[in-house]
Amino acid sequence: MTDDDRIKLEPSWKQALREEFDKPYMSELREFLRQERAAGKEIYPPGPLIFNAMNSTPLDRVKVVIIGQDPYHGPGQAHGLCFSVQPGVPAPPSLVNIYKELQRDLNIDIAKHGYLQSWAEQGVLLLNTTMTVERGIAASHANRGWQFFTDRIIEVVSEHQDKLVFLLWGAHAQGKQKLIDATKHLVLKSVHPSPLSAYRGFIGCGHFSRTNKFLEQNGQAPIQWALPPL
């Protein structure tokens with residue numbers, strides 16, 4: 001992957017993250033993934049979609065960052081955008097709660113699907129801090145090196161852009177706050193939207209309206225959070 005042609009990554013991100021691909025942790029991560037596949041393990045998301053968050057949202061177009069943890073581990077779910085699932089897959093419980101808060105906050109009808117690609121294409125970086133997972137085993141690739149790569153992504157976004165909104169839902173996402181320059185960005189925090197915690201502060205947080213208000217105050221178009229039908 002030190003060969004530029006082998007990294008299928010949007011050019012602005014490739015340039016910004018070039019040095020990361022030459023670091024020892026990345027070689028170890030590549031070798032780990034190679035061995036897992038060689039052992040016959042199913043890895044999600046499919047290879048071409050691992051960097052989908054960045055390929056869908058070029059660095060210069062980022063307006064909002066939502067930080068997730070690791071990909072969904074069921075067949076056909078993960079496609080490289082946090083909280084999102086591929087067309088035809090039912091929305092998982094955390095995403096249903098996101099929709100409930102959108103409905104409460106902005107009176108947006110609950111979507112009939114869980115495909116968040118339109119958010120990504122509007123400038124919402126939907127970043128999982130671990131970018132791969134083994135089928136059926138949550139967090140199976142945590143602490144294998146992805147955390148160094150995605151920490152750098154958060155730092156790059158914070159350094160490169162001005163007046164972004166970072167949505168940090170739950171303790172894991174909030175642990176990344178130290179990477180963000182809060183003097184120039186809006187950082188909004190709440191509990192995670194999972195069924196275990198959503199009604200302890202996520203429902204009622206108003207993050208979506210607050211995000212759009214901040215963007216508009218800073219001369220940016222608001223995010224159209226209502227998802228188009230598939």
Side-chain angles (χ1 to χ4, degrees), residues 1-23 25-27 29-30 32-34 37 42-89 92 95 98 113-133 141 144-161 164-167 173 176 179-180 215 220-221 223-225 227-228 230:
M1 255 188 183
T2 50
D3 176 1
D4 274 3
D5 293 337
R6 293 176 58 205
I7 306 168
K8 302 303 182 190
L9 185 57
E10 190 277 329
S12 64
W13 284 111
K14 187 186 285 192
Q15 180 64 34
L17 298 167
R18 187 180 303 276
E19 294 177 6
E20 296 303 301
F21 289 99
D22 293 327
K23 290 184 176 177
Y25 81 80
M26 188 58 80
S27 299
L29 176 58
R30 276 195 298 269
F32 165 72
L33 292 172
R34 190 194 65 76
R37 290 191 180 101
E42 268 189 79
I43 307 298
Y44 300 140
L49 294 175
I50 290 173
F51 293 146
N52 191 27
M54 292 177 288
N55 289 335
S56 299
T57 314
L59 180 55
D60 290 338
R61 295 196 56 217
V62 176
K63 293 156 62 168
V64 180
V65 181
I66 299 178
I67 296 176
Q69 197 153 357
D70 69 332
Y72 296 120
H73 52 80
Q77 290 183 301
H79 67 113
L81 305 182
C82 72
F83 293 106
S84 181
V85 288
Q86 300 199 53
V89 178
L95 183 54
I98 290 170
H113 61 85
Y115 188 57
L116 304 182
Q117 188 72 32
S118 76
W119 292 2
E121 290 168 2
Q122 293 179 73
V124 182
L125 181 66
L126 294 164
L127 181 68
N128 278 318
T129 58
T130 299
M131 293 185 131
T132 55
V133 71
H141 293 182
R144 288 291 182 171
W146 281 125
Q147 68 274 20
F148 304 118
F149 185 66
T150 53
D151 278 3
R152 183 60 189 145
I153 290 171
I154 296 166
E155 288 175 341
V156 163
V157 173
S158 177
E159 293 162 4
H160 186 270
Q161 299 284 81
L164 303 182
V165 183
F166 288 81
L167 302 180
K176 304 301 181 181
L179 306 170
I180 301 162
L215 292 174
Q220 298 240 52
I223 303 298
Q224 299 299 320
W225 295 108
L227 294 165
L230 293 176

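All heavy atoms count here, side chains included; hydrogens, waters and symmetry mates do not. Values in this document were obtained by computation on a predicted structure and should not be read as measured data.
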Problem set entry | Any donor-acceptor pair under 3.5 Å from Q86 side chain to A78 backbone | yes
Exercise. V64 and W119: side-chain contact (heavy atoms from CB on, under 4.5 Å), yes or no, with the steps?
Worked result: CA-CA 9 Å; V64 180; W119 292 2; over 6 Å; no
Exercise. Checking S12 side chain against P58 main chain: does a donor-acceptor pair fall under 3.5 Å?
Worked result: no
For this session: Kindly compute the distance separating OG1 (T150) from CD (E155), expressed to the nearest 0.5 Å.
Result: 10.0 Å
For this session: List the steps and the verdict of side-chain contact (heavy atoms from CB on, under 4.5 Å) for W146 and V133.
Result: CA-CA 11 Å; W146 281 125; V133 71; over 6 Å; no
Exercise. Once you round to the nearest 0.5 Å, how far does CD of E159 lie from CG of L179?
Worked result: 9.5 Å
Problem set entry | Side-chain (R61) to main-chain (S56) donor-acceptor, under 3.5 angstrom | no
For this session: I would like to know whether T130 and Q147 meet side-chain contact (heavy atoms from CB on, under 4.5 Å); could you show each step before the answer?
Result: CA-CA 6 Å; T130 299; Q147 68 274 20; 5.7 Å; no
Exercise. Side-chain donor-acceptor pair under 3.5 Å between T132 and H141, yes or no?
Worked result: yes
For this session: For I180 and I154, work out which heavy atoms get closest and say how close.
Result: CG1-CG2, 3.8 Å
For this session: Under the side-chain contact (heavy atoms from CB on, under 4.5 Å) rule, what do V124 and W225 come out as? Steps first, then yes or no, please.
Result: CA-CA 10 Å; V124 182; W225 295 108; 4.2 Å; yes
For this session: Search all heavy atoms of E20 against all heavy atoms of K23 and return the closest pair with its distance.
Result: OE2-NZ, 2.9 Å
For this session: Please check if any side-chain donor atom of Q224 sits under 3.5 Å from a side-chain acceptor atom of S118, or the reverse.
Result: no
Exercise. For the residue pair I67 and F83, what are the closest heavy atoms and their distance?
Worked result: O-CE1, 4.3 Å
For this session: State the CZ-CZ distance between R144 and R30, to the nearest 0.5 angstrom.
Result: 16.0 Å
Problem set entry | Side chains of M26 and D22 in contact at under 4.5 Å (non-hydrogen atoms) | no
For this session: Rounded to the nearest 0.5 Å, what's the gap from NZ on K14 to CG on N55? Could you check?
Result: 9.5 Å
Problem set entry | Geometric class of the F51/F149 ring pair [parallel <30°, tilted 30-60°, perpendicular >60°] | tilted
For this session: Report the distance from atom CD of Q69 to atom OG1 of T129, rounding to the nearest 0.5 Å.
Result: 5.5 Å
Exercise. Which heavy atom in I66 sits nearest to a heavy atom in C82, and how many Å separate them?
Worked result: O-SG, 3.5 Å
Problem set entry | Nearest heavy-atom neighbours spanning L17 and R152 | CD2-CG, 4.0 Å
For this session: Decide yes or no for D70 and Y44: does some side-chain heavy atom of the first lie under 4.5 Å from some side-chain heavy atom of the second?
Result: no
For this session: Taking all heavy atoms of L116 and all of S84, pick out the closest pair and write down the distance.
Result: N-OG, 2.9 Å
Problem set entry | Side chains of D60 and H160 in contact at under 4.5 Å (non-hydrogen atoms) | yes
Problem set entry | Euclidean distance, Q117 CD relative to T57 OG1, rounded to 0.5 Å | 7.5 Å
Exercise. If only atom types and distance count, is the side chain of Q220 paired as donor or acceptor with the main-chain N or O of K63 below 3.5 Å?
Worked result: no
